[in-house]
Amino acid sequence: MHVMFSVPPFPTFIKGGEAVFAKGKKHFRRTFTVFDLLYVKKGCLYMAEEETFFEVRAGEYVILVPGREHYGNRECTEDTSFIWLHFTIEQYQLVEKEEVSWHDLIQREATYVEAAQYVFYVPQHGNVKQRERIEQLLEHIVDLNEYSAPDSPLKQQLYFSEFLLQLQKQALYIPIASENVSAEAVRYIQEHYREPFDMKMLAQALRFHPDYITRCMQKTLGMSAIQYVHYYRLAKAKKRLAETNDTVDAIAKQVGFEDGAYFSRLFKKIEGITPTEYRRTVHRT
């Protein structure tokens, strides 16, 4: 089953957050007037939408439709963490469609006075093929809940629109060389993020020229190798800031930064607040 809708305008983001169900817990019963998307980061959610059942495992999502009762049909067999997003679509249909190509999506080409129009066919239940990119977008959406800036909801809408575009693109997914190279680079960085980063070593490990790796990662992830190193290290640092009492300097070294001052400057530049302010914010919530 696919959720079919026209863009623009994109569906409207309402609210999102992150939750954890302990082993033995299941989702309660409810009927929403909005869409509810659940993306599982770890574990498995056993969800039902009326008489349709879904097993949503790590790296998978399900879109629950307005006006239909949904509930957990089984208890979680392990601790399960997931991100939820609520949104609305002005007009949509539920359709069966076996294959989707870009030709199916283009409804109208842009003119000088009319915008291009597309029809999206997003699978109701599916797995993501570029998990890092998807989880990065979802984390941006959830993290903005912590900020009271007046433009935060607008930023969430932009990230949400990009998230839907990524879901649609991945439904058309055909592996290409650049995506394979990017995936290899990501794996290498995740295994070696605590070590000093050296682009030459990455190139030797992957057996590709550094410039080619950079182009592949920019095309696939929207960031260079060093930007991804910073993103991944900061994600690890945020987790340690939230879960431990280790000093900022200690955490900086644990995630691969030799210079604690540089770590703090980079953290503030990317996150908008210092590591200490982030820890206070997390502990307040």
Side-chain angles (χ1 to χ4, degrees), residues 1-3 11 13-66 68-87 122-146 156 159-160 162-164 166-167 170-171 173 183 186-187 190-191 193 231-232 234-244 255 278 281-285:
M1 185 67 70
H2 289 71
V3 181
F13 174 79
I14 300 173
K15 194 71 175 176
E18 192 163 2
V20 177
F21 281 1
K23 179 180 178 180
K25 186 176 179 180
K26 64 180 180 179
H27 202 288
F28 48 89
R29 288 180 177 266
R30 65 182 175 191
T31 304
F32 260 7
T33 57
V34 298
F35 283 91
D36 185 10
L37 184 147
L38 305 175
Y39 173 83
V40 175
K41 296 176 66 178
K42 176 181 177 293
C44 182
L45 279 179
Y46 300 93
M47 295 299 301
E49 184 179 79
E50 297 185 341
E51 300 304 317
T52 303
F53 302 97
F54 303 97
E55 288 188 12
V56 192
R57 302 185 179 279
E60 296 182 354
Y61 70 91
V62 65
I63 300 174
L64 302 170
V65 178
R68 296 183 175 185
E69 184 182 43
H70 61 256
Y71 56 93
N73 63 298
R74 282 179 57 189
E75 297 174 346
C76 292
T77 57
E78 59 183 306
D79 291 351
T80 298
S81 62
F82 62 96
I83 290 174
W84 55 268
L85 304 177
H86 294 168
F87 61 97
V122 177
Q124 185 180 11
H125 175 216
N127 68 303
V128 301
K129 298 177 178 65
Q130 295 176 22
R131 190 168 171 178
E132 289 290 335
R133 177 63 172 152
I134 290 295
E135 292 190 4
Q136 179 190 23
L137 290 168
L138 291 173
E139 285 166 8
H140 281 320
I141 293 170
V142 172
D143 286 348
L144 280 165
N145 289 334
E146 306 298 332
Q156 286 179 311
Y159 284 128
F160 176 65
E162 175 64 18
F163 167 71
L164 289 179
Q166 289 297 322
L167 284 190
Q170 292 186 27
Y173 179 77
V186 164
R187 279 194 294 271
Q190 290 181 358
E191 291 172 2
Y193 74 93
Y231 159 74
Y232 193 72
L234 291 187
K236 292 292 185 182
K238 287 195 291 184
K239 185 175 177 62
R240 296 200 65 79
L241 286 165
E243 297 178 354
T244 75
V255 301
Y278 177 83
T281 300
V282 170
H283 288 174
R284 265 203 314 269
T285 58

> Can you check side chain to side chain contact (heavy atoms under 4.5 Å, CB included) on Leu37 and Val3, steps first, answer last?
Replying inline: CA-CA 12 Å; Leu37 184 147; Val3 181; over 6 Å; no
>> Between Tyr71 and His27, is the side chain to side chain contact (heavy atoms under 4.5 Å, CB included) condition met? List the steps.
In response: CA-CA 5 Å; Tyr71 56 93; His27 202 288; 5.7 Å; no
> With sequence neighbours left out, what residues match His2 under ring-ring contact (aromatic ring centres under 6.0 Å, His included)?
Replying inline: none
> Do you see a donor-acceptor pair shorter than 3.5 Å between the side chains of Asn145 and Gln156?
Replying inline: yes
> Using a distance-only test with no angle check, is there a side-chain donor-acceptor pair under 3.5 angstrom linking Tyr232 and Glu132?
Replying inline: no
>> Using side chain to side chain contact (heavy atoms under 4.5 Å, CB included), reason through Arg74 and Glu55 one step at a time and then give a plain yes or no.
In response: CA-CA 10 Å; Arg74 282 179 57 189; Glu55 288 188 12; 4.0 Å; yes
>> Using a 3.5 Å distance criterion without hydrogens, assess whether the side chain of Arg57 forms a donor-acceptor pair with backbone atoms of Asn127.
In response: no
>> For Thr80 versus Cys44, what's the shortest heavy-atom pair and its separation?
In response: OG1-N, 3.1 Å
> Taking atom CD1 of Ile141 and atom CD of Glu18, what is their separation to the nearest 0.5 Å?
Replying inline: 12.0 Å
> Between the side chain of Asp36 and the main-chain N/O of His86, is any donor-acceptor distance below 3.5 Å?
Replying inline: no
> Side chains of Phe163 and Ile134: closer than 4.5 Å at any heavy-atom pair?
Replying inline: yes
> When the ring planes of Phe54 and His125 are compared, do they come out parallel, tilted or perpendicular, using 30° and 60° as the limits?
Replying inline: perpendicular
>> Rounded at 0.5 Å granularity, tell me how far CG in Leu144 sits from CZ in Phe13.
In response: 9.0 Å
> For the side chain of Glu49 and the backbone of His70, is there at least one donor-acceptor N/O pair under 3.5 Å apart?
Replying inline: no
> How about Arg133 and Gln136: does a side-chain donor come under 3.5 Å of a side-chain acceptor?
Replying inline: yes
>> I'd like to check the ring-ring contact (aromatic ring centres under 6.0 Å, His included) partners of Phe82; sequence neighbours left out, ordered by chain and number.
In response: Phe21
> Looking at CG of Leu164 and CD of Gln166, how far apart are the two atoms once the value is rounded to the nearest 0.5 Å?
Replying inline: 10.5 Å
>> Minimum heavy-atom separation for Phe87 and Pro11, please, with both atom names.
In response: CD1-CB, 3.9 Å
> Counting N and O atoms only, with roles assigned by atom type, does the side chain of Glu50 sit under 3.5 Å from a partner on the main chain of Arg68, one being a donor and the other an acceptor?
Replying inline: no
> Considering all heavy atoms of both residues, which atom of Lys23 and which atom of Asp79 are nearest to each other, and what is their separation?
Replying inline: N-OD1, 2.9 Å
> Do Lys25 and Cys76 pass the side chain to side chain contact (heavy atoms under 4.5 Å, CB included) test, and can you show the C-alpha distance, the side-chain angles, and the key distance before you say yes or no?
Replying inline: CA-CA 6 Å; Lys25 186 176 179 180; Cys76 292; 5.5 Å; no
> For Lys41, does its backbone N or O pair with a side-chain atom of Glu135 as donor and acceptor, under 3.5 Å?
Replying inline: no
> Quick one: ring-ring contact (aromatic ring centres under 6.0 Å, His included) partners of Tyr231, sequence neighbours excluded?
Replying inline: Tyr228
>> To check you understand the geometry: which heavy-atom pair defines the closest contact between Ala58 and Arg131, and what is its length?
In response: CB-NH2, 3.8 Å
